[in-house]
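One structure is given here, and the rest of the page talks about it.
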Amino acid sequence: MREMILKAVANPPKILWGPFLPVLLNLGLQFPFMFMAIGLFDMNPIFFLLSILIVHIIIISLGLKEPHLSTMLQAYGQTYRRTTNLYKVKGTKFAP
């Protein structure tokens, strides 16, 4: 049991050698734009494939520096929520 936890922490999930969430966002954004550009403007898809490859290489290099990039993005998304104050004060307070 202990080995599985350590392995999950030490080896975060990867897709095509890159961190899971940034690679998924890259492919999830660029593929629809590619298909829309092909359908609307009759563009050559090689331009989009090159941009997908270049951005993927950048994501891989960022993932080599920080292997837990996906976890950091998820934690940032959860902690960046705005809070509403019960009483009027200057700034954002985390008091209930």
Side-chain angles (χ1 to χ4, degrees):
M1 179 74 175
R2 190 171 192 178
E3 293 175 6
M4 290 190 303
I5 294 172
L6 293 176
K7 185 176 179 183
V9 170
N11 298 324
K14 296 184 181 281
I15 297 178
L16 300 172
W17 306 284
F20 184 77
L21 190 59
V23 170
L24 201 63
L25 288 172
N26 177 35
L27 296 177
L29 288 174
Q30 289 203 26
F31 273 125
F33 286 129
M34 178 178 69
F35 291 127
M36 284 189 290
I38 291 170
L40 294 175
F41 305 115
D42 199 26
M43 290 182 68
N44 191 352
I46 195 74
F47 298 118
F48 287 99
L49 294 177
L50 287 175
S51 72
I52 290 171
L53 182 66
I54 290 169
V55 173
H56 188 73
I57 290 171
I58 292 170
I59 291 172
I60 289 173
S61 65
L62 290 174
L64 289 174
K65 289 182 184 177
E66 182 56 58
H68 296 282
L69 189 61
S70 295
T71 309
M72 290 171 53
L73 288 173
Q74 288 173 348
Y76 178 75
Q78 292 174 0
T79 59
Y80 193 65
R81 294 184 186 145
R82 289 274 183 169
T83 60
T84 55
N85 298 329
L86 295 176
Y87 46 89
K88 192 167 188 148
V89 292
K90 192 174 190 180
T92 303
K93 304 290 183 190
F94 289 102

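All heavy atoms count here, side chains included; hydrogens, waters and symmetry mates do not.
Among all heavy-atom pairs drawn from Ile52 and Phe31, the shortest one is CD1-CE2, 4.1 Å. Phe33 and Phe48 make their closest contact through O-CZ, 4.1 Å (heavy atoms, listed as atom of the first residue, atom of the second, distance).
Residue Asn26 holds its CG atom at 10.5 Å from CG of Leu16, rounded to the nearest 0.5 Å. Between atom CD of residue Gln74 and atom CG of residue Leu69 there is a gap of 10.5 Å, rounded to the nearest 0.5 Å. Note that OG of Ser51 and CG of Leu49 are 7.5 Å apart. Values are rounded to the nearest 0.5 Å. To the nearest 0.5 angstrom, Phe47 atom CZ is 13.5 Å from Met34 atom CE.
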Please tabulate, for side-chain N and O atoms in residues 18-25, each donor-acceptor pair with protein atoms closer than 3.5 Å (sequence neighbours left out).
none

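Other cluster members for Leu29: none, since no ILVMFWY side-chain heavy atom sits under 4.5 Å from it.
There is no path of hydrophobic side-chain contacts, each under 4.5 Å, that joins Leu62 to Ile15. Ile59 and Ile54 sit in two unconnected hydrophobic clusters of ILVMFWY residues. Membership requires side-chain heavy atoms under 4.5 Å apart, directly or through other members.
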